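First the structure, in the form of structure tokens, and then the observations on it.
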Amino acid sequence: GQGVEQPAKLMSVEGTFARVNCTYSTSGFNGLSWYQQREGQAPVFLSYVVLDGLKDSGHFSTFLSRSNGYSYLLLTELQIKDSASYLCAVPPFYAQGLTFGLGTRVSVFP
Amino acid sequence: EAAVTQSPRNKVTVTGGNVTLSCRQTNSHNYMYWYRQDTGHGLRLIHYSYGAGNLQIGDVPDGYKATRTTQEDFFLLLELASPSQTSLYFCASSDRRGNYAEQFFGPGTRLTVL
């Protein structure tokens, strides 16, 4: 079946890094997306990955391992404003929308 | 100017009431989506459309109708609202086969069914 799993919470310190993990299961793989959602706001697209390996986008980087059904979002040089929920999403084989994980709430402390 | 807008932003209705949520996008995108977001369930796809007059069923369509009148406008209809439909509703659009493309979300409509 289709499923996306993420840890519920993650805490880290300003200036360091945070790694948000995502595991997924899907019948057929067609890429994985990451979104940021601040409290009370809409999700905002961050990154899309379809090839194995690390994709460096500066402040945000993403890693994908298709054989393991695993991805992570790496946030470096954390700032307080990076405190938000980070959502992992994959397309289901039966529809053109996205199946989202519940999201990981990242809290960045001084 | 926001590319995806939703109205109303907040709505309160009673059980059995009739509600229409509106979404407009100015991105010239073909695909539009309706999601609901609930604590413990995350974002779930209700309906989507790939063009005017088209409607596709998502993961949680029961109790919802939708209509895409133009490329810009997508409506979500709750004809007999129930308390289980109390939720935060998001509309989104994308410009390709939306299964993986970047989706642009509206600000959301918070619906309360008493």
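Please read all numbers here as calculations on a predicted model, not as lab measurements. Note on naming: letters A, B, ... go to the chains in the order of the sequence lines (proteins, then strands), and numbering restarts at 1 for each one.
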- Task: State whether the number of non-hydrogen atoms from other residues, nucleotides or ligands found under 6.0 Å of Arg68(B) atom CZ is greater than 12.
- Result: yes
- Message: Is Tyr35(B) in contact with chain A via its backbone, its side chain, both, or neither, using a 4.5 Å heavy-atom distance?
- Response: side chain
- Contacts with chain B made by residues 100-110 of chain A (heavy-atom distance under 4.5 Å), listed by residue number: Phe100(A), Leu102(A)
- Message: Can you confirm whether more than 12 heavy atoms, excluding those of Phe60(A), are under 6.0 Å from its CZ atom?
- Response: yes
- Message: Can a donor-acceptor pair be found, under 3.5 Å and without considering hydrogens, that links the side chain of Tyr33(B) to the backbone of Leu98(A)?
- Response: no
- Do Leu51(A) and Leu64(A) belong together in a cluster built from hydrophobic side chains that touch within less than 4.5 Å? yes
- Gln103(B) and Phe45(A) have their tightest heavy-atom pair at O-CB, 4.3 Å
- Might you confirm whether atom CD of Gln79(A) has over 12 heavy atoms from other residues, nucleotides or ligands at distances under 6.0 Å? yes
- Task: Flag yes if Leu45(B) and Phe90(B) sit in one hydrophobic cluster, no otherwise; membership is Ile, Leu, Val, Met, Phe, Trp, Tyr, and two members link when side-chain heavy atoms are under 4.5 Å apart.
- Result: yes
- Task: Determine, using the 4.5 Å side-chain heavy-atom cutoff (strictly less than), whether Phe74(B) and Phe105(B) are members of one ILVMFWY cluster.
- Result: no
- Which heavy atom of Tyr35(A) sits nearest a heavy atom of Glu102(B), and at what distance? OH-C, 4.0 Å
- Choice from Arg110(B), Gln37(B), His41(B), Gln56(B) maximising heavy atom contacts with chain A below 4.5 Å: Gln37(B)
- Message: Do Leu21(B) and Ile57(B) sit in one hydrophobic cluster, given that two such residues count as connected whenever their side-chain heavy atoms are within less than 4.5 Å of each other, even indirectly?
- Response: no
- Item | Distance-minimising heavy-atom pair for Pro107(B) and Ala42(A) | CA-CB, 4.4 Å
- Which bit of Leu87(A) is near chain B, if near means a heavy-atom gap under 4.5 Å: side chain, backbone, both or neither? side chain
- Would Val44(A) and Phe104(B) show up in the same hydrophobic cluster when neighbours are defined by side-chain heavy atoms closer than 4.5 Å? no
